[in-house]
**Q** 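Got a structure for you, questions after.
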Amino acid sequence: MDQHQGIGKGKTALVIGCGMGDDAIELSQQGFMVTAFDVASSAIELCKKRFSNSSVKFVQADLLAGIPEWHGQFDFVLEIFTIQALPPKYEATLIQHISDFVAENGQLLLITEMQKAKRTFENGPPWLLNSNYISSFEAYGLKQLSLSRSNDSHLGDEIHLCLFEKVANK
């Protein structure tokens, strides 16, 4: 039996920029009640076709525009490479909107390609992040719990898997 089987039982999860839907299905198999969204309606149509028997709620939505009805609604939020795929001028808005989805005491797992050098914006997408992104999320009430690094990056210096937790309001 998978050691992670059932870790999401009774918890909600959100997959940002779900693409073909595989991450959402994996979270569903771990017991989460999953909502997954993408800006591309074609991606959502494909997910619904691929996983027609799934309980995952696939929705077309725009992260940049924000989704106020989802604020504070998710115990677990997964974001993989979405921020760096959009022009840097939107970065602060994207970080705020992603942070808004996380419920009090909920978690955000962010996976991103990193560059150690000063950021440059001449070439992209992707526009690689640097370590400053951590403080950007912390400004919205998220506390870094862990950071794993991998040298398997194809575009930058390394890949970061950063886990945050939403700090309870006092």
Side-chain angles (χ1 to χ4, degrees), residues 1-87 90-91 93-103 105-114 124-129 133 137 140 142 145-150 152-156 158-166:
M1 182 171 161
D2 184 341
Q3 69 179 8
H4 299 292
Q5 192 71 30
I7 62 170
K9 186 172 176 137
K11 296 180 181 177
T12 57
L14 179 68
V15 178
I16 297 170
C18 66
M20 295 180 66
D22 296 289
D23 296 323
I25 295 302
E26 179 61 31
L27 287 173
S28 176
Q29 291 173 348
Q30 300 307 319
F32 286 95
M33 296 171 286
V34 180
T35 300
F37 76 96
D38 202 289
V39 70
S41 58
S42 58
I44 297 306
E45 290 170 19
L46 177 63
C47 290
K48 288 178 177 179
K49 189 175 194 177
R50 285 184 73 205
F51 305 111
S52 60
N53 295 324
S54 167
S55 63
V56 174
K57 182 179 176 184
F58 290 105
V59 179
Q60 190 278 325
D62 185 352
L63 177 61
L64 194 55
I67 309 157
E69 60 268 23
W70 290 353
H71 286 194
Q73 296 300 306
F74 298 95
D75 299 307
F76 182 76
V77 176
L78 177 63
E79 192 283 312
I80 304 174
F81 303 141
T82 305
I83 297 169
Q84 66 195 41
L86 295 167
Y90 300 120
E91 191 172 295
T93 299
L94 296 169
I95 289 171
Q96 179 182 1
H97 290 174
I98 291 168
S99 299
D100 286 345
F101 296 139
V102 185
N105 299 313
Q107 295 182 336
L108 164 67
L109 178 60
L110 180 74
I111 302 174
T112 186
E113 295 232 17
M114 298 293 300
W127 291 276
L128 303 183
L129 300 180
Y133 77 88
F137 280 96
Y140 291 103
L142 291 159
L145 295 178
S146 67
L147 176 64
S148 299
R149 295 178 171 95
S150 167
D152 291 336
S153 175
H154 298 287
L155 301 170
E158 58 191 16
I159 294 177
H160 277 190
L161 283 79
C162 191
L163 183 65
F164 295 93
E165 182 175 56
K166 183 69 113 0

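Predicted model only: the values in this text are computed from it and were never measured. Side chains are part of it too, since the values below use all heavy atoms of this structure and drop only hydrogens, waters and symmetry mates.
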**Q** Excluding sequence neighbours, so at least two apart, what forms side chain to side chain contact (heavy atoms under 4.5 Å, CB included) with Leu63?
**A**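 Partners of Leu63 by the side chain to side chain contact (heavy atoms under 4.5 Å, CB included) criterion, ordered by chain and then number, come out as Ile16, Phe37, Thr82, Leu94, His97, Ile98, Phe101.
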**Q** Between the main-chain N or O of Ser55 and the side-chain N or O of Ser28, is there a donor-acceptor pair closer than 3.5 Å?
**A** no
**Q** Out of curiosity, Ile111 CD1 to Leu161 CG, how far, rounded to the nearest 0.5 Å?
**A** 4.5 Å
**Q** Which pairs count as side-chain hydrogen bond (donor to acceptor under 3.5 Å, both in side chains) when at least one residue sits in residues 59-68, sequence neighbours excluded?
**A**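 Sorted result for residues 59-68: empty, none.
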**Q** With rounding to the nearest 0.5 Å, note down the distance linking CG in Leu14 to OG1 in Thr35.
**A**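 These two atoms lie 6.5 Å from each other.
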**Q** Do Tyr133 and Cys162 make a side-chain contact, defined as non-hydrogen atoms from C-beta onward lying under 4.5 Å apart?
**A** yes
**Q** Could you measure the distance from the CE atom of Met33 to the CZ atom of Phe76? Nearest 0.5 Å is fine.
**A** 14.5 Å
**Q** Which heavy atom of Gly19 sits nearest to which heavy atom of Cys47, and what is that distance?
**A**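 Smallest heavy-atom distance, with atoms named: O-SG, 3.1 Å.
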**Q** As an exercise, state the distance from SG of Cys18 to CD1 of Ile44, rounded to the nearest 0.5 Å.
**A** 3.5 Å
**Q** Under the 3.5 angstrom rule, does the side chain of Glu45 hit a backbone N or O of Ala43 as a donor-acceptor pair?
**A** no
**Q** So, for Asn105 and Glu165, which heavy atoms are closest and what is the spacing to 0.1 Å?
**A**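 Minimum heavy-atom contact is O-OE2, 3.5 Å.
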**Q** The criterion is side chain to side chain donor-acceptor pair (under 3.5 Å); which residues satisfy it with Ser99, sequence neighbours excluded?
**A** none
**Q** Which distance, rounded to the nearest 0.5 Å, do you find between the CG of Leu27 and the NZ of Lys11?
**A**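 If we round to the nearest 0.5 Å, Leu27:CG and Lys11:NZ are 12.0 Å apart.
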**Q** What closest approach, in Å, do Met20 and Arg50 show between heavy atoms, and which atom pair accounts for it?
**A**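 So the minimum-distance heavy-atom pair works out to O-NH1, 2.8 Å.
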**Q** Between Asp22 and Glu26, is there a side-chain heavy-atom distance shorter than 4.5 Å?
**A**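 Answer no - side chains too far apart.
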**Q** To the nearest 0.5 Å, what is the distance between CZ (Phe51) and CD1 (Ile25)?
**A** 4.5 Å
**Q** Contact between Leu110 and His160 at the side-chain level, heavy atoms closer than 4.5 Å - yes or no?
**A**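 No, every pair of side-chain atoms sits at 4.5 Å or beyond.
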**Q** Please enumerate all residues that pass ring pair (Phe, Tyr, Trp, His ring centres under 6.0 Å) together with Phe58, with sequence neighbours excluded.
**A**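 Result, ring pair (Phe, Tyr, Trp, His ring centres under 6.0 Å) vs Phe58: none returned.
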**Q** Applying ring pair (Phe, Tyr, Trp, His ring centres under 6.0 Å), name anything that partners Phe137, two or more places apart in sequence or on another chain.
**A**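 Testing Phe137 for ring pair (Phe, Tyr, Trp, His ring centres under 6.0 Å), a comparison that skips the adjacent residues, returns Phe164.
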**Q** Measuring only between side-chain heavy atoms, which start at C-beta, is Ser148 closer than 4.5 Å to Leu163?
**A** no
**Q** Show the nearest heavy-atom pair for residues Asp38 and Gly17, with the distance to one decimal.
**A**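 Heavy-atom minimum between the residues: OD2-C, 3.4 Å.
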**Q** Which residues pass the side chain to side chain donor-acceptor pair (under 3.5 Å) test with Thr112, not counting sequence neighbours?
**A** Gln84
**Q** Which heavy atom of Gln107 sits nearest a heavy atom of Val102, and at what distance?
**A**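 So the two residues come closest at N-CG1, 3.8 Å.
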